[in-house]
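Let me begin by presenting the structure, written as structure tokens, before commenting on it.
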Amino acid sequence: MTENRPSPEGADWCAETTEREIILLYRENAAGLFRYGVVLARNREAAQDAVQEAFLRYFIARNGGQEVERPKAWLFQVVRNLLLDSLKASTKRREVGLEAACGRADARPDPESEYRLAEMSRRYWGLLSPRELECFRLRAEGLRYQEIAEVLVLRPGTVGALLARVQKKIREEHEGSRRAAVFVERELPHAP
Amino acid sequence: MHLDAGTLAAYSDGELSEPAAGRAARHLKSCRRCAEEAERIRAEREVALAADALFRLQCVPPQDGLERVRSCIQEWLRSAAAGGAMPASSAADLRRRIGAQLELYFGSETAALLEKVAPSRRPADDPIAAVEPLLTAFLGRKAAAAAIRQIMAGGAGRPTLAPDAA
């Protein structure tokens with residue numbers, strides 16, 4: 001890694017500028033990267049490790065003079081690669097529900113919203129293929145089609161079709177459960 | 001010729017190229033079926049994003065995330081300035097290396113057991129700090145310091161950080 005070692009003159013300035021860039025990028029993207037990581041790994045700690053590593057790698061690349069054309073897509077791609085690599089080593093994580101990965105260990109242990117989140121994970125995310133889930137997550141985190149295509153190694157033309165399919169599935173599920181609720185409301189007598 | 005769902009989604013997301021968007025807009029003016037389909041896709045997107053809102057609200061990164069990134073960067077800079085090898089760059093990597101060192105000294109079964117006991121006490125903080133007393137108790141100060149230097153150096157090559165820096 002000697003090529004990345006800062007030279008004595010101007011090295012501090014360069015590192016400082018890059019660090020400022022990192023701070024801005026972090027504020028803008030960390031939450032989205034983390035959520036994407038949780039969706040991929042079903043594990044908060046693994047997601048956070050990957051996010052941290054991605055920012056360090058970004059710093060090293062930039063500090064070494066490398067241009068990054070689309071930093072957002074770059075970071076998402078690195079998080080993806082890191083997590084898919086570690087998932088290859090352990091297949092156990094996929095068996096954990098999303099709700100288990102994101103409900104706990106946070107500042108607000110609210111059982112009601114945890115319950116609703118678990119319910120939602122079962123209802124919606126379970127409908128989607130891994131690729132659909134990733135594609136939707138990336139779009140929900142604000143990536144452009146071109147960036148999503150880059151991260152998932154797809155043709156940009158496929159992104160719209162994937163998203164349309166995801167949204168249709170979610171809408172159908174939503175409509176289905178709403179109809180069921182209306183039916184229960186209307187047809188079944190309430191317990192006194 | 002009708003527009004497919006992917007094109008309509010891209011159109012409603014503002015993701016078509018300028019000429020393609022112009023063509024789509026002209027088609028939508030004259031084709032009721034596609035216009036309805038485009039409206040449906042727009043509505044579906046709203047439902048999907050609403051369904052996602054709770055997940056976004058619940059799934060938040062640790063508050064000290066940025067601090068952790070910055071200290072990682074500082075650690076890397078210190079090591080690079082010292083002319084050493086790459087320091088422990090990621091927590092996952094670090095844990096792997098700790099595991100390798102423990103295995104070296106204690107054998108794989110004991111190592112797996114120790115790893116479970118030691119770092120899980122303070123998983124988010126500093127895995128080295130968690131494992132150091134353990135190594136010191138078993139190996140003595142000097143050997144423990146050497147093992148930690150080895151972990152920080154990536155398991156190979158010369159040590160890059162003084163043991164007390166860990």
Side-chain angles (χ1 to χ4, degrees), chain A residues 1-2 4-6 11 15 19 22-23 26-27 30-31 33-35 38 45-53 55-57 59-60 82 86 98 101-103 106-107 113-114 116-117 120-121 124-125 136 139-140 144-146 156-168 170-171 174, chain B residues 4-17 37 40-63 65-66 68-77 79-87 89-96 123-124:
Chain A
M1 282 290 163
T2 39
N4 284 323
R5 199 184 305 160
E19 210 181 331
I22 296 275
I23 293 171
Y26 188 91
R27 293 203 172 121
L33 285 163
F34 177 72
R35 285 188 289 265
V38 167
E45 207 184 317
Q48 183 55 30
D49 284 350
V51 171
Q52 193 171 313
E53 175 71 10
F55 278 102
L56 179 66
R57 287 190 185 192
F59 176 84
I60 293 171
L82 287 167
S86 68
L98 259 184
C102 54
D106 256 320
S113 62
E114 263 183 48
R116 281 190 297 153
L117 185 77
M120 190 182 74
S121 302
Y124 294 122
W125 309 148
F136 176 65
R139 182 62 189 166
R144 309 289 309 261
Y145 281 25
Q146 179 65 43
T158 331
V159 174
L162 263 175
L163 285 173
R165 202 155 66 214
V166 169
Q167 288 161 191
K168 187 169 188 220
I170 293 178
R171 166 83 176 264
H174 184 74
Chain B
D4 62 53
T7 307
L8 288 171
Y11 176 74
S12 103
D13 280 338
E15 292 279 349
L16 284 181
S17 69
E37 180 75 355
R40 189 182 57 78
I41 283 177
R42 247 196 304 278
E44 278 171 357
R45 183 185 55 196
E46 296 312 311
V47 171
L49 289 178
D52 192 51
L54 185 62
F55 175 70
R56 294 174 66 90
L57 205 68
Q58 277 287 302
C59 195
V60 287
Q63 287 190 335
L66 180 57
R68 286 197 226 169
V69 167
R70 293 181 78 181
S71 66
C72 256
I73 289 173
Q74 292 308 321
E75 191 196 329
W76 184 84
L77 282 171
S79 164
M86 227 357 222
S89 53
S90 77
D93 209 31
L94 187 60
R95 275 199 296 275
R96 240 192 330 274

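Reminder, nothing fancy here: chain letters follow the sequence lines and each chain counts from 1.
- The shortest side-chain heavy-atom distance between B:Glu44 and A:Val166 does not fall under the 4.5 Å cut-off.
- Separation of atoms CZ (B:Arg70) and CD1 (A:Ile23) is listed at 3.5 Å; rounding is to 0.5 Å.
- Nearest heavy-atom pair, A:Ala164 versus B:Ala9, reported as atom, atom and distance to 0.1 Å: CB-CB, 4.2 Å.
- The CG atom of B:Asp52 lies 4.5 Å from the CZ atom of A:Phe136; values are rounded to the nearest 0.5 Å.
- Interface summary for chain A: among B:Ala48, B:Ala43, B:Ser12, B:Gly14, the most heavy-atom pairs under 4.5 angstrom belong to B:Ala48.
- Heavy-atom minimum distance, A:Phe34 versus B:Cys59: CE2-SG, 4.0 Å.
- Interface check for chain B: of the options A:Gln167, A:Arg144, A:Glu19, the most heavy-atom pairs under 4.5 Å are formed by A:Gln167.
- Within the 4.5 Å cutoff, side-chain heavy atoms of B:Val69 are placed close to those of A:Tyr26.
- How far CG of B:Leu16 is from OH of A:Tyr145: 8.0 Å, rounded to the nearest 0.5 Å.
- Shown here are the side chain to side chain donor-acceptor pair (under 3.5 Å) partners of B:Arg42, two or more places apart in sequence or in another chain: B:Glu39.
- Note: A:Phe59 CZ to B:Leu77 CG = 4.0 Å, rounded to the nearest 0.5 Å.
- Atoms CG and CD, from A:Leu56 and B:Glu75 in turn, are 8.5 Å apart once rounded to the nearest 0.5 Å.
- The pair A:Arg139-B:Asp13 meets the salt-bridge criterion, with a side-chain N (NZ, NE, NH1 or NH2) lying under 4.0 Å from an Asp/Glu carboxylate O.
- With sequence neighbours excluded, no residue forms a side chain to side chain donor-acceptor pair (under 3.5 Å) with B:Glu46.
- In this structure, A:Leu163 CG and B:Ile41 CD1 are separated by 10.0 Å, a value rounded to the nearest 0.5 Å.
- In terms of heavy-atom pairs under 4.5 Å with chain B, the best-connected choice from A:Arg27, A:Arg165, A:Gln146, A:Gln48 is A:Gln48.
- B:Gln74 touches chain A through its side chain: at least one heavy atom from C-beta onward sits under 4.5 Å away, while N, CA, C and O do not.
- The two residues B:Arg40 and A:Arg171 make their nearest non-hydrogen contact at O-NH1, 3.9 Å.
- Between A:Gln52 and B:Cys72, the shortest heavy-atom distance links the atoms NE2-SG, 3.2 Å.
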